[in-house]
Amino acid sequence: MTRAHIPGIIAMALIVLASNILVQFLFGNWLTWGAFTYPLAFLVTDLMNRLYGPSAARKVVFAGFIVGVICSLIGTQIQGEFGPLVTLRIALGSGIAFLTAQLLDVSIFDKMRNGAWWRAPLASTLIGASVDTALFFSIAFSATLSFIEPANDVSWAGEMLPLLGAGPVAPLWVSLAVADWMVKIALALLALIPFRLIVLRFREKAALT
């Protein structure tokens, strides 16, 4: 790790920390406030990949993973209205989803890094974010995986309701996953703007030194 990597590590740590806190607060029927901060992790990973390469990006990812594990451990010790704020399934889902999706993002970005400037960050984030959502919600709430933590009653997540309140009938957790995924996709598109500006600014500074 070099001093140049420290801003990325700090940014990732703050995003993971903020997301773990904000996920406790609802935003409408299908989302939490954490859904709006967590996708920024992909922006940090992609910036580190573009500016310093895949090795630096992976270091930032592992730093974020460690912070996430610490947050999960703390969450298991805090009692909410319905039990611990973080259950085993949520901790496993969060950790597996984060590490898998972020490392996949790094790999895809690196393979596409020589194309048009927007292709690598867009493709890597779209694929990584989709994998992240699928892994987390299925591990944390799917009835099929209830054997992971039999004592944890997540039957509420399996309640059959219209998808996002208007579509075909599906388990509640599927609506939560779809809403989360839609936010990730929207932010992936918006993140192209700061990605481009930061990369250009970095190159301008590098050219002057």
Side-chain angles (χ1 to χ4, degrees), residues 12-13 15-42 44-45 58 60-108 124-161 163-164 170-185 187-188:
M12 180 65 82
I15 289 168
V16 172
L17 176 61
S19 299
N20 274 273
I21 294 172
L22 293 174
V23 75
Q24 307 300 326
F25 302 96
L26 293 175
F27 178 86
N29 294 325
W30 316 109
L31 295 166
T32 70
W33 282 101
F36 298 96
T37 55
Y38 179 76
L40 297 177
F42 290 97
V44 174
T45 301
R58 291 188 187 97
V60 169
V61 168
F62 285 119
F65 176 73
I66 292 171
V67 173
V69 170
I70 294 172
C71 288
S72 292
L73 290 174
I74 293 173
T76 61
Q77 303 304 309
I78 301 175
Q79 293 294 317
E81 183 179 355
F82 303 104
L85 293 182
V86 178
T87 64
L88 174 61
R89 289 186 66 174
I90 289 177
L92 284 175
S94 178
I96 292 172
F98 178 86
L99 200 57
T100 303
Q102 291 293 327
L103 292 179
L104 181 61
D105 179 286
V106 173
S107 178
I108 293 172
S124 62
T125 299
L126 290 181
I127 296 172
S130 299
V131 169
D132 184 283
T133 297
L135 285 175
F136 173 74
F137 283 93
S138 59
I139 293 172
F141 302 118
S142 171
T144 306
L145 300 178
S146 60
F147 65 87
I148 295 175
E149 192 180 14
N152 178 23
D153 181 13
V154 292
S155 57
W156 59 269
E159 183 180 359
M160 302 302 290
L161 297 169
L163 185 66
L164 297 178
L172 170 59
W173 71 267
V174 175
S175 288
L176 300 179
V178 170
D180 180 83
W181 177 78
M182 291 172 65
V183 171
K184 285 189 175 83
I185 299 306
L187 289 179

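Along the sequence shown, residues are numbered consecutively beginning with 1. Since the structure is predicted, the reported quantities are computational estimates derived from the model, not experimental observations.
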Show the atom names and distances, to 0.1 Å, of all donor-acceptor pairs under 3.5 Å that link a side chain in residues 28-36 to residues at least two apart or in another chain.
residue, atom, partner, partner atom, Å
Thr32, OG1, Gly34, N, 3.3

Distance-only donor-acceptor pairs under 3.5 Å for side chains of residues 63-74, two or more places apart:
residue, atom, partner, partner atom, Å
Ser72, OG, Gly68, O, 3.1

Donor-acceptor pairs under 3.5 Å, side chain of residues 133-148 to any protein atom, not counting sequence neighbours: which ones?
residue, atom, partner, partner atom, Å
Thr133, OG1, Ala129, O, 3.1
Thr133, OG1, Asp180, OD2, 3.1
Thr133, OG1, Lys184, NZ, 3.0
Ser138, OG, Ala134, O, 2.6
Ser138, OG, Leu135, O, 3.2
Ser142, OG, Thr144, N, 3.2
Ser146, OG, Ala143, O, 3.1

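A side-chain donor-acceptor contact under 3.5 Å links Asn20 to the backbone of Val16.
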**Message:** Using side-chain contact (heavy atoms from CB on, under 4.5 Å), reason through Val154 and Trp173 one step at a time and then give a plain yes or no.
**Reply:** CA-CA 10 Å; Val154 292; Trp173 71 267; over 6 Å; no
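When the side chain to side chain donor-acceptor pair (under 3.5 Å) test is applied to Trp181, the partners found at least two apart in sequence or on another chain are Ser130. Residues meeting the side chain to side chain contact (heavy atoms under 4.5 Å, CB included) test with Glu149, sequence neighbours left out: Thr87, Leu88, Arg89, Asn152. Not counting sequence neighbours, the partners of Leu187 by the side chain to side chain contact (heavy atoms under 4.5 Å, CB included) test are Pro39, Val183, Leu190.
Sorted by first and then second residue, the salt bridge (charged side-chain N to carboxylate O under 4.0 Å, His left out) pairs involving residues 67-76 (not counting sequence neighbours) form an empty list. Evaluation of the salt bridge (charged side-chain N to carboxylate O under 4.0 Å, His left out) test over residues 20-36, restricted to residues two or more places apart or in two chains, returns none.
Under the 4.5 Å side-chain criterion, counting only non-hydrogen atoms from C-beta, Glu159 is not in contact with Pro171. Taking the side chain as every heavy atom from C-beta outward, Ile127 and Asp105 never approach each other to under 4.5 Å.
Separation of atoms OG1 (Thr45) and CG (Leu40) is listed at 11.0 Å; rounding is to 0.5 Å.
Heavy-atom minimum distance, Ile15 versus Tyr38: CG2-O, 4.1 Å.
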